[in-house]
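Heavy atoms only: backbone and side chains are in, while hydrogens, waters and symmetry mates are out.
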Amino acid sequence: MTTRPNIIFIMADDHAAQAISAYGSRVNRTPQLDRIADEGVRLDAVFCTNSICSPSRASILTGTYSHINGVSSIWTELDYRVPTFIDVLQAGGYRTAMFGKWHLGEHGDSLPRGFDAWKIFPGQGDYVDPEMIDQHGASHVSGYATDIVTDLSIDWIDGLGEDEPFCVMVHHKAPHRPWIPDEKHKHLYADGSIPEPETFFDDYETRSMAVRGVHMTIADDMGSEDLKSEVPAHLKGPENRAARMSWKYQIYMRDYLQCIQSIDDNVGRLLDHLEEQGLAENTLVVYTSDQGFFLGDHGWFDKRLMFDQSLQMPMLMRWPSQIEAGSRCEAIITNVDFAATFLDVAGIDAEAALPTSQGRSFLPLLGGQSLEGWPDAAYYRYWEHDDPIHAAPAHYGIRTATHKLIHYYGAGMGVPGASDTIFAPEWELYDLCADPTEVRNVADDPDYAGVRADMEVKLAEYQQRYADLPYTGPDTRAPIWGPHDAGLLERVQSYVAGVRASS
């Protein structure tokens, strides 16, 4: 009998692809993450469907968009009635575990399920001596969070039987805000010479008013808690904005990259352990982040917006027995496709076992195969409109290999954490071939009228594909399933089945 493959799913929080040397980073080196790319595949067009922590995690687990799984914002919790790929793996004989950041609820039905073992951070978690929750309650664990999560994962793997296939989710807090590095890495990237991105001093001249109003600028919105120090007097005032911005950037990036260094070290430790135990050949190792992050791009930090630095998820995969070393995949993939892919790796028919899934397995694409009807675009929707910290507008859009269309409809629609303030609707269109840095909005350019019309048609098609509803006015409410909504699974399955039948 062929031994079923193991799955190790490593996920960071807010780790931008542009801070991984396998993706050509200008700011750091990640030799252990590069090992996964060199010995496996680097995926270059993986996108999240809602660039914020909890919604992305829910989409990964369930293979569904936010309006299906109920997690539209960080103030919502995963609806326990929507099945996950972990449920299916466990029922299919896999041993399953989850260590680290969960961020989908910490009480009752929202706690991790389908795992033989789990130990999670409450909320965002702490970097040093963090509190963690398991089946027995809460306790503090001594050490640095990234080391702890790796230790727990290795110890659990070592306790398994020789012939037990397993799936373990190694989910790090780092490099999420407030970017507190391990002491042993505090000497790195500290000389003030980290390169600034090309769009660092973006003037937003052609951008929508909604985007111009976000509270995510390094110059004005990154505070002393983030920097762990006050701005020097000689850098204060509007006349010193550019100098202040550069000063903040160096501190921000120093701490961010130091946190990533711990991830890289621990990924290497885990890879080495697999080789020592003879598990490497038949184990799929996946590295990703729940979304991207602005590293000074357009003068911003954080995520949320549909610009590529926020939208793109790094994804590196190694499975020596199945994936050709040093390969690349440029197909457009979203986090909704992860669940079906993991089940496919395990030899399980995702469509039958996870009927609510809106994604498809991309495993054949990694071997160079083509898949009939594979999406040529990624559909995105951000729901947490005008939250009190970041003020990012609600929007949805479509990204193809060549263009991106974004509609800022600017309404909270009753989503938890969203504002009731209504913004004027606006559009942005980017030509990703002529303008890869996304600084020239051509939505109203007559030369792009045909492109915009085609993209609007594609946007409508993809909303229908994923059973999402466009915003139609102030009375529109979000179709988020409530905690007591009877017939949830039946309706979700009906949605998905109808879309499959029509596509």
Side chains of Ile133 and Trp102 in contact at under 4.5 Å (non-hydrogen atoms):
no

With salt bridge (charged side-chain N to carboxylate O under 4.0 Å, His left out) as the test, pick out the partner of Asp255 among Lys228, Arg177, Lys186.
Lys228

Do Arg304 and Met216 have side chains that get closer than 4.5 Å, going by heavy atoms?
yes

Any luck finding a side-chain donor-acceptor pair between Ser59 and Asn335 under 3.5 Å?
no

Could you verify whether a donor N or O on one side chain and an acceptor N or O on the other, from Thr30 and Asp264, lie under 3.5 Å apart?
no

Do Asp202 and Thr199 get their side chains close enough for a donor-acceptor pair, meaning under 3.5 Å?
no

Scan side-chain atoms only and decide if Tyr379 and Gln463 contain a donor-acceptor pair under the 3.5 Å cut-off.
yes

Under the side chain to side chain donor-acceptor pair (under 3.5 Å) test, residues paired with Gln32 that sit two or more places apart:
Arg35

In the structure I gave you, are the side-chain heavy atoms of Glu438 and Leu432 within less than 4.5 Å of one another anywhere?
yes

Using only atom types and a distance under 3.5 Å, with no angle test, would you say the side chain of Arg440 pairs donor to acceptor with the backbone of Asp431?
no

Sequence neighbours excluded - ring pair (Phe, Tyr, Trp, His ring centres under 6.0 Å) pairs with any residue from residues 410-459:
Phe307-Tyr430, His385-Phe423, His407-Trp427

Thr146-Asn266 side chain donor-acceptor pair, cut-off 3.5 Å
no

Contact check, side chains of Phe121 and Asp126, non-hydrogen atoms, under 4.5 Å
no

Check: Asp182/His185 side-chain N/O donor and acceptor closer than 3.5 Å
no

Please find the pair of heavy atoms, one from Ala377 and one from Lys458, that lie closest to each other, and give the distance.
CB-CD, 3.9 Å

Please determine if Asp226 and Lys248 form a salt bridge, counting it only when a charged side-chain N lies under 4.0 Å from a carboxylate O.
no

Under 3.5 Å: donor-acceptor pair, side chain of Asp44, backbone of Glu330
no

Quick one: does His172's side chain get under 4.5 Å of Ser262's, heavy atoms only?
no

Pairwise side-chain contact, Pro181 with Tyr127, heavy-atom cut-off 4.5 Å (strictly under)
no

Ignoring hydrogens and angles, state whether a donor on the side chain of Ser54 or His103 is under 3.5 Å from an acceptor on the partner side chain.
yes

Taking atom CD as the centre, does Glu198 end up with more than 12 heavy-atom neighbours from other residues, nucleotides or ligands that are less than 6.0 angstrom away?
no

State, yes or no, whether a side-chain contact exists between His171 and Val149 at a heavy-atom distance under 4.5 Å.
no

So, Asn441 versus Tyr204: side-chain donor-acceptor pair below 3.5 Å or not?
no

